[in-house]
Amino acid sequence: MPNTEILVIGGAGYVGSHFVLHALKQGFSVQVWDNLSTGHRSALKDVRFFEGDLNDRGEFQEHLAGNRYHTIFHFAASCLVGESVSNPAKYYENNVLAAFNMLEAMRRTNHDRVVFSSTCSVYGLPDKLPIREDHAKNPISPYGKTKLAIEWMLEDYGAAYDIRWAALRYFNAAGCEPDDGLGEDHDPETHLIPNVVRHALGLDPKLVIFGNDYPTPDGTCIRDYIHVTDLAEAHVAAMRKLEEVSQIRLNLGTGRGLSNLQVVEGVSRACGRKLGPVFGPRRPGDPPELVADPGEAFRTLQWHPHRSDLDRIVAEVLRWMSDHPGGYSGPP
Ligand code: UDP
């Protein structure tokens, strides 16, 4: 499929920009649509870029009408569990309403393929681990609910209007591509690995681990970290698979869980210095353990994550953050 024209919505964000890099390396012709609310223009090179918002449906529909994309990749979303609890309106607007606008514009311009970034938050508190795709969906945060609502829209639009779709349920996206100038830069940073690394580099005086009384071996939460470029590869594989099947729902994880303290130990190892986190209260909305059963994704996509080793992820994040202590907008 080289030279295939694709549109990446949210391509300036953390996962989106790594997908863009990977897709360019695969020879796709890539265009990016992003409102730059959280993304970074400087994370994108060699692509046609359109600054726009899906919630301006007229503008987006006009854009689609003037182009013919083989597949649309949708990465643009608000994605902080805690914020979604205090400000659900933002999540229904930026996630549900925006995805509705995208699907409407697609249907009116005869665009019929979409690969959508979903999340393991659609499962809520799992009663069986590792989590399979057929696990009950009981999201406990507005964030998870908005992603599940979009999966339902995809199902219904897919059935009624012949739109082929993939919903890829990410576990914890991690790592970066420092050789290509890509890192993770959120403001504020809320994710564990970048926060531990920031602390290790002295950019943050304090490292707080939220909760050490969970029912896990060391009392801290367990997550399944998957490298962003492994995610990117799975997106390309899903696009190819949509040639054969019309709907895909898959977990993207490694099947291995790491506790928050194991992550801290990983960063201590990498920087050769013992880090001293403090324990704070649990963070609302955090399930104790989220680990994927990725078997279905491995079989369906003929894909396997091979960059998701913690030591590799930590080394990359340390490198990018040492080189970019102020993130994308700081001095080079
Ligand atoms: N976490 C933490 N301190 C931080 C950031 C995160 O203890 O500064 C914990 C968080 O409570 C959760 C785990 O690290 O148990 C992963 O959180 P993250 O925000 O990275 O991803 P999430 O699982 O929420 O998508």
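Source: prediction; values computed, not measured.
Note on ring orientation: taking the six-membered ring where Trp is involved, the planes of His235 and Tyr170 are perpendicular (angle over 60°, cut-offs 30° and 60°). Ring geometry, Phe75 versus Phe73: the interplanar angle falls under 30°, so the pair is classed parallel (tilted spans 30 to 60°). Between Trp320 and Tyr328, the ring planes are tilted. Angles from 30° to 60° get that label.
Under the 3.5 Å distance criterion, with hydrogens and angles disregarded, no donor-acceptor pair is assigned to the side chains of Asn251 and Asp293. His227 and Glu316 are linked by a side-chain donor-acceptor pair at a separation below 3.5 angstrom, with hydrogens and angles left out of the test. The closest side-chain donor-acceptor pair between Gln247 and Glu155, if any, does not fall under 3.5 angstrom. Under the 3.5 Å distance criterion, with hydrogens and angles disregarded, no donor-acceptor pair is assigned to the side chains of Ser78 and Tyr143.
Electrostatic pairing of Asp224 and Arg256 does not count as a salt bridge here, judged by no charged N lying under 4.0 Å from a carboxylate O. With respect to the salt-bridge test (charged N to carboxylate O, under 4.0 angstrom), the residues Glu83 and Lys90 qualify. Classification of Glu265 and Arg269 as a salt-bridged pair fails, no side-chain N sitting under 4.0 Å from a carboxylate O. Between Asp34 and Arg41 no salt bridge is recorded (no basic side-chain N to carboxylate O distance below 4.0 Å).
Residue Tyr69 forms a side-chain contact (heavy atoms from CB on, under 4.5 Å) with just one option from Met106, Arg113, His63, and that option is His63.
Looking at Thr220 and Tyr214, their side chains never come closer than 4.5 Å, going by heavy atoms from C-beta outward.
The environment of CZ in Arg132 is sparse: at most 12 heavy-atom neighbours from other residues, nucleotides or ligands sit within 6.0 Å. The number of heavy atoms from other shown groups lying within 6.0 Å of CD (Gln26) is above 12.
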